[in-house]
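Read the structure below first, then the notes.
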Amino acid sequence: MKTIDQLLADGVAGKRVFVRADLNVPLDGTTITDDGRIRAVQPTIAKLAEAGARVVVASHLGRPKGAPDPAFSLAPAAKRLGELLGAHVEFATDTVGESATVAVANLEDGQVAVLENLRFNAGETSKDDAERGVFADQLAALADIYVGDGFGAVHRKHASVYDLPARLPHAAGFLIETEVGVLKKLTDDVRRPYAVVLGGAKVSDKLGVIDHLLEKADRILIGGGMAYTFLKAQGHEVGISLLQEDQVPAVLEYLERAKAKGVEFVLPVDVLVAHEFPDLKTKAPANPTVVAADAIPADQEGLDIGPETRKLYASKLADAATVFWNGPMGVFEHPDYAEGTKAVAQALVDSPAFSVVGGGDSAAAVRILGFDEKAFGHISTGGGASLEYLEGKTLPGLAALED
């Protein structure tokens with residue numbers, strides 16, 4: 001995989017360099033609530049611009065249905081990128097149409113333009129190779145060189161991620177170099193004890209990574225909505241908590257395999273429950289109750305791990321040498337249910353372990369809850385991509401960058 005440094009050594013001055021970034025940031029209207037992904041790709045863009053490249057940045061945002069939708073415009077992201085670069089960034093109001101063509105043609109050495117949301121074109125996400133290929137050809141006409149640096153999208157077989165690199169000389173950006181290097185420390189060169197913390201809503205989203213980690217991890221800690229499927233598998237009442245009953249057999253199998261392999265599975269011993277889901281807009285007091293994990297009332301819902309579980313999980317992370325964390329422990333967006341997620345984050349800060357926060361809601365939680373990002377070994381920009389890498393899957397966007 002060619003690196004940015006190798007690309008710069010070859011010279012990029014005057015060349016149009018297409019950077020496939022991941023600017024898929026959360027928005028409240030047109031206000032960015034977490035600019036972490038923009039900051040993560042900024043060094044690659046800045047370095048190319050400093051070297052005299054004419055930088056064309058492209059990304060997706062959200063899930064528009066193959067047509068323009070103002071709610072998913074990249075205009076706010078383009079504005080924020082300009083602020084971070086300290087320079088004007090031209091914004092094209094389409095992907096491969098007149099606005100994009102003119103914006104790229106008018107670039108001078110060292111200048112940057114951002115194209116509108118790639119998913120406004122159906123060819124970006126099409127499952128038809130020919131349709132994706134047509135869009136990739138149109139994108140290729142805008143550039144001389146391709147740089148892949150959108151790690152959060154490398155698990156997608158999309159035109160700008162998978163098909164476009166085959167049409168242009170290509171290299172990996174600084175962010176992808178860093179992300180892959182970190183993930184290798186979680187798979188190929190692991191310091192032990194190796195602890196994994198998995199949370200989030202659905203256990204089905206994590207089964208593949210649990211399957212793979214049973215061969216590598218020393219202990220696995222479970223929280224979030226997915227924990228209630230595990231508790232149900234143990235025969236406990238989970239009330240109206242989030243539950244994937246069809247996954248109970250698979251969960252039982254993993255618990256048995258973990259026991260046979262000597263992998264410690266750690267589940268909540270107490271939880272915070274309430275009669276209804278909290279209001280995340282007003283954040284009105286929810287007044288939760290703490291109950292034992294095996295005593296959830298039939299008419300209540302588990303929404304966070306309890307105080308004893310927080311202490312337990314902190315103790316299980318204290319002596320770890322490597323920690324991977326993906327998924328919050330509860331509804332961290334509400335202050336009454338943020339303590340579990342906060343406790344895990346604090347345990348990682350306090351631990352001497354090499355800690356990796358696996359993107360998505362976990363990365364957002366770290367920032368929202370006020371933690372210093374530098375206190376963690378690495379905060380990934382790709383939740384889904386990180387998980388699929390840890391499952392041992394081939395990621396299309398990384399494969400496409402291989403020479």
Side-chain angles (χ1 to χ4, degrees), residues 1-24 37-60 74 77-78 80-82 84-92 94-97 99-118 121 124 135-154 158-180 381 397-403:
M1 190 181 291
K2 192 172 187 177
T3 67
I4 279 284
D5 288 334
Q6 291 170 323
L7 182 66
L8 293 174
D10 293 340
V12 295
K15 295 182 180 179
R16 301 169 301 165
V17 180
F18 186 105
V19 178
R20 201 329 180 163
D22 180 8
L23 308 181
N24 185 27
R37 284 176 169 167
I38 304 175
R39 288 187 286 111
V41 76
Q42 186 263 349
T44 290
I45 296 168
K47 194 71 173 179
L48 289 168
E50 289 169 9
R54 303 178 181 193
V55 187
V56 182
V57 182
S59 175
H60 71 285
L74 277 172
R80 179 59 181 146
L81 177 60
L84 292 170
L85 292 172
H88 173 71
V89 169
E90 187 66 25
F91 179 64
D94 56 26
T95 56
V96 291
S99 180
T101 301
V102 171
V104 173
N106 288 340
L107 284 176
E108 296 183 2
D109 293 2
Q111 292 185 335
V112 179
V114 173
L115 306 182
E116 184 54 284
N117 192 336
L118 291 165
N121 189 304
E124 169 67 0
F135 186 47
D137 287 339
Q138 293 173 314
L139 292 172
L142 299 173
D144 304 304
I145 299 168
Y146 176 93
V147 171
D149 215 26
F151 180 74
V154 293
H158 291 170
S160 65
V161 176
Y162 178 75
D163 302 276
L164 184 54
R167 289 159 167 78
L168 294 170
H170 49 265
F174 292 131
L175 176 59
I176 280 186
E177 275 192 79
T178 299
E179 294 274 14
V180 172
T381 58
L398 295 184
L401 293 176
E402 297 288 350
D403 292 322

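Everything quoted here is computed from the prediction, not taken from an experiment.
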Would you confirm whether Arg37, through its side chain, and Asn24, through its main-chain N or O, come within 3.5 Å as a donor-acceptor pair? yes

Compare every heavy atom of Ala143 with every heavy atom of Leu168, then report the nearest pair and how far apart it is. CD2-O, 3.6 Å

Do you know which two heavy atoms are closest between Ile176 and Gly148, and how far apart they sit? CD1-O, 3.3 Å

Does Asp22 reach the side chain of Val154, with side-chain heavy atoms less than 4.5 Å apart? no

Within the structure provided, determine whether Phe174 and Thr3 are in side-chain contact (heavy-atom separation under 4.5 Å). no

Atom CD of Glu402: over 12 foreign heavy atoms under 6.0 Å: yes

Pairwise side-chain contact, Phe135 with Leu164, heavy-atom cut-off 4.5 Å (strictly under): no

Where do Glu177 and Ala172 come nearest, in terms of heavy atoms and distance? OE2-O, 4.3 Å

Kindly say whether Ala13 contributes a backbone atom to a donor-acceptor pair with the side chain of Asp109 at under 3.5 angstrom? no

Shortest non-hydrogen pair, Ala21 vs Val57, comes out as CB-CG1, 3.9 Å

So does Gly150 get a backbone contact from the side chain of Arg20, meaning a donor-acceptor N/O pair under 3.5 Å? no

Can you establish whether the number of heavy atoms outside Tyr162 located under 6.0 Å from its atom OH is more than 12? no

So does Asp10 pair up with Lys2, basic N to acidic O under 4.0 Å? yes

In short, Asp137 meets Arg167 closest at the heavy-atom pair OD1-NE, 2.6 Å

How close do Leu74 and Phe91 get, counting heavy atoms only, and between which atoms? C-CE1, 3.8 Å

Donor-acceptor pair, Glu124 side chain versus Asn121 backbone, under 3.5 Å? no

Checking Asp149 against Thr44 for the side chain to side chain donor-acceptor pair (under 3.5 Å) test, could you report, in this order, the C-alpha distance in whole Å, the side-chain angles of both residues, the deciding distance, and whether it holds? CA-CA 8 Å; Asp149 215 26; Thr44 290; 2.7 Å; yes

Less than 4.0 Å between a side-chain N and a carboxylate O, is that true for Arg54 and Glu90? no

